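Structure first, then comments.
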Amino acid sequence: MFLAEGVTQAQLDKGERRTLDCIDCHNRPSHTFAFSAERAVDDAMAAGGFDAKLPFVRREAVKVLKASYATKDVAFAGIKGGLSTFYRETYPQAPADQVARAIATAQHLYERNVFPTMKVAWGSYAN
């Protein structure tokens with residue numbers, strides 16, 4: 001553990017403990033951001049992250065990605081719930097592995113591009 005010169009254990013015990021994130025040292029995460037949820041989904045589809053044969057996958061992925069979530073955990077649950085519910089209710093014949101892959105891909109896109117606690121969302125930082 002690193003301690004700045006002159007810091008005592010008593011001072012540490014009074015302070016807040018948290019894990020450092022990229023913004024503690026940098027003015028933004030160093031990776032590039034997708035300008036929009038639509039662009040992120042399009043790029044992921046082109047790379048094979050979503051199965052284009054899954055009905056309305058682009059529309060539904062964009063919908064759950066653009067929703068507002070308070071935290072990453074809430075977002076992951078919302079993305080999973082939104083896509084699972086849509087396919088269970090509208091296309092129950094959709095292959096479960098394709099739906100699971102769509103959920104995982106959408107969650108990955110959210111995790112890479114949206115940081116709710118830092119108030120960073122789609123389009124916050126143009127590259």
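All values reported here derive from a predicted model rather than from experimental measurement.
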Closest approach of Val62 to Val41 (non-hydrogen atoms, all atoms of both residues): CG2-CG2, 3.8 Å
Tyr110 side, atom OH; Lys72 side, atom NZ - distance, nearest 0.5 Å: 10.0 Å
Residue pairs passing the side-chain hydrogen bond (donor to acceptor under 3.5 Å, both in side chains) test where at least one lies in residues 85-94, sequence neighbours excluded: Thr85-Arg88
Closest non-hydrogen atom pair, Val99 against Ala94: CG2-CB, 4.0 Å
Any donor-acceptor N/O pair, Gln107 side chain to Phe76 backbone, under 3.5 Å: yes
Asp42 side, atom CG; Ser36 side, atom OG - distance, nearest 0.5 Å: 7.5 Å
Spatial distance of atom CD1 (Ile79) from atom CD1 (Ile103) [nearest 0.5 Å]: 9.5 Å
Minimum-distance pair of heavy atoms, taken over all atoms of Leu83 and Ala61: CD2-N, 4.0 Å
Atom of Leu65, atom of Ala37 and distance for their closest heavy-atom approach: CB-CB, 4.0 Å
Carboxylate-amine/guanidinium contact Arg58 Glu38, below 4.0 Å: no
Closest contact, heavy atoms only, Trp122 versus Leu109: CH2-O, 3.9 Å
Phe56 six-ring centre to Arg59 NZ/CZ under 6.0 Å and within 45° of normal: yes
Candidate list Arg101, Met45, Gln98, test side-chain contact (heavy atoms from CB on, under 4.5 Å), partner Leu54, passing option: Gln98
Taking every non-hydrogen atom, the tightest pair across Phe50 and Ala106: CZ-N, 3.9 Å
